[in-house]
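Notes follow once the structure below has been shown.
Note on naming: letters A, B, ... go to the chains in the order of the sequence lines (proteins, then strands), and numbering restarts at 1 for each one. Please read these numbers as outputs of a predicted model, since none were measured by experiment.
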Amino acid sequence: MGFDLLGLSEPTLTAVTDAGYSEPTPIQAQAIPQVLMGRDVLGIAQTGTGKTASFTLPMIDILAHGRARARMPRSLILEPTRELAAQVAENFEKYGKNHKLSMALLIGGVNFADQEKALDRGVDVLIATPGRLLDHFERGKLLLTGIEILVVDEADRMLDMGFIPDVEKICERIPRQHQTLFFSATMPPVIQRLTKQFLNDPKKIEVSRPSSSSTNISQHLIEVPMVKQKRRVLRALLRTEDVKNGIIFCNRKTSVKETYESLKRHGFSVGQLHGDMAQSERLEILRQFKENEIKLLCASDVAARGLDIADVSHVFNLDVPSHAEDYVHRIGRTGRAGRTGSAFTIAAKTRDDDKYVSAIEKMTGLALPRTDVPDDKADDEPLPGKSRARSEKPEAADAPSEEKPRASRSRRPRKDEAPAEKAAAPKAETKAEPKAEPQPRPQPQPEKRAEKKVDKPAPRGRRRRDDDDDFEPVVGMGDHMPAFLMTPVKLSK
DNA sequence: AAAAAAC
């Protein structure tokens, strides 16, 4: 069955063909005719199912008739994150190229003036995150009385992020006679209530989750004794796996920053993405990643859901996600559009990681296959400070505080095993041969660094737990480091 | 406990 049987117009079909698609996905095949008929739709579907095109395509045809008036957009699409909103806007541009639809993107972090200007000109398609939309609304820059089609996308994520009151507020301000398209991956009670309240006899369309935790993503779990060994293991994976491009997920923004810095120091082609960055930066990094100007993206969960980058070969969880569902969303960034992908989760032997891994296995219903740490010759190159760190720092000194002896998981009784290096580079025989290295070799570190490190007192007491063995917390103080400056400082407020 | 989102 082709797109041509769904009732879309010629110019829209041409744009679809030009984009390289010939067959609709199940949700597109089911939703598009319903939307064209003017019916409300309740779509239970995740990203990666072709959900976005299932509403953008028919919307383009519906909006092709009629014209927009100043400050009265004709359709509104609500998205939970700015990146998703921008992505939907791209979708409209791609498929609407043969139409003359005007569009505005209302998201936070960008200045109001341009957005207001666009609103004043009148827009057919308004794509927004709830906060910024309400902001404009309350300033009187925007009327919702002309809305013909409302799309609430990723409703369950809106719920997670506390946007439901905002969504309700917006829905209440939209006139009765409009069409609503409502999408959610799951249907918790609050969302069900919303659908009853705001949808009018909707056509319910449910498609199974794309490929997420199934066949075309090969999943692996690597267990290391200590948190601080994770980065080294990550580097080993990056060098031995055939990583075309990959996303590295951390649980905290600070860990994203540190991991990004660390990878950059080691010569990897990497960018970072998290909510503390300026919006312009966020979009720019995403663009670079999509266009393959950078190979790796170190990200918070802002990138976990919905981001549609067609061809991501690897996902690495440097932190085990603390919500099991996030695991599915994260690894769902790879193996998209029928491609294969690999997902590696690096877990430490800590109470938290153990707990999170169990939760993931319980949810997916299968044990994550344990994999050994790959042999990584590159990291055996003499890096300044490395040997010193090895011989003088007994691993116990840096172990996170909860790393005190206790029964480890019955699966792997490995308490007697020697620590860091053993774990980071063992088992040469398990990996047949290291594959081609996609990443540049780390550059030899500048002499300066070595000198600096020599006289630096070993950090006392607790360090930040995700430090790795090459982490340099302070630079630029010369050789005389007052001891108090070495005490740990909490970076986040 | 964190992340995201409004100035």
How long is the line joining [atom1] of [X] and [atom2] of [N], in whole Å?
X: A/H329; N: B/dA4; atom1: NE2; atom2: C1'; result: 14 Å
X: A/D326; N: B/dA4; atom1: CG; atom2: C1'; result: 11 Å
X: A/D352; N: B/dA2; atom1: CG; atom2: C1'; result: 12 Å
X: A/K253; N: B/dA1; atom1: NZ; atom2: P; result: 16 Å
X: A/H274; N: B/dA2; atom1: NE2; atom2: P; result: 16 Å
X: A/E83; N: B/dA3; atom1: CD; atom2: C1'; result: 13 Å
X: A/K355; N: B/dA2; atom1: NZ; atom2: P; result: 13 Å
X: A/L78; N: B/dA6; atom1: CG; atom2: P; result: 11 Å

Which is true for [X] with a 4.0 Å heavy-atom rule: it touches a base, it touches only sugar-phosphate, or it touches nothing?
X: A/R157; result: nothing
X: A/R282; result: sugar-phosphate
X: A/D301; result: nothing
X: A/G162; result: nothing

* Among B/dA4, B/dA2, B/dA6, which nucleotide sits nearest the side chain of A/R252? -> B/dA2
* **Which nucleotide in B/dA2, B/dA1, B/dA6 has an atom nearest any side-chain atom of A/S322** => B/dA1
* Taking C-beta and beyond as the side chain, do A/F163 and A/R157 meet within less than 4.5 Å on heavy atoms? -> no
* Asked: Quick one: is A/T81 getting a side-chain N or O under 4.0 Å of the B/dA5 phosphate, OP1 or OP2?
  -> no
* Asked: OP1, OP2 of B/dA6 versus side-chain N and O of A/R82: anything below 4.0 Å?
  -> yes
* Asked: With distance as the sole criterion, do the side chain of A/H323 and the base of B/dA3 form a donor-acceptor contact below 3.5 Å?
  -> no
* To do: Check if the side chain of A/T129 and the base of B/dA5 share a donor-acceptor pair of N or O atoms closer than 3.5 Å.
  => no
* Can you see which heavy atom on A/A68 is nearest to which on A/G122, and at what distance? => CB-C, 3.8 Å
* Of all the heavy-atom pairs spanning A/A19 and A/Y95, show the shortest one and how long it is. => CB-CE2, 3.9 Å
* How are the rings of A/H314 and A/F344 set to each other: parallel, tilted or perpendicular (split at 30° and 60°)? -> parallel
* Test the A/R333-A/F249 pair against the cation-pi criterion, namely NZ or CZ under 6.0 angstrom from the six-membered ring centroid and within 45° of the ring axis. => no
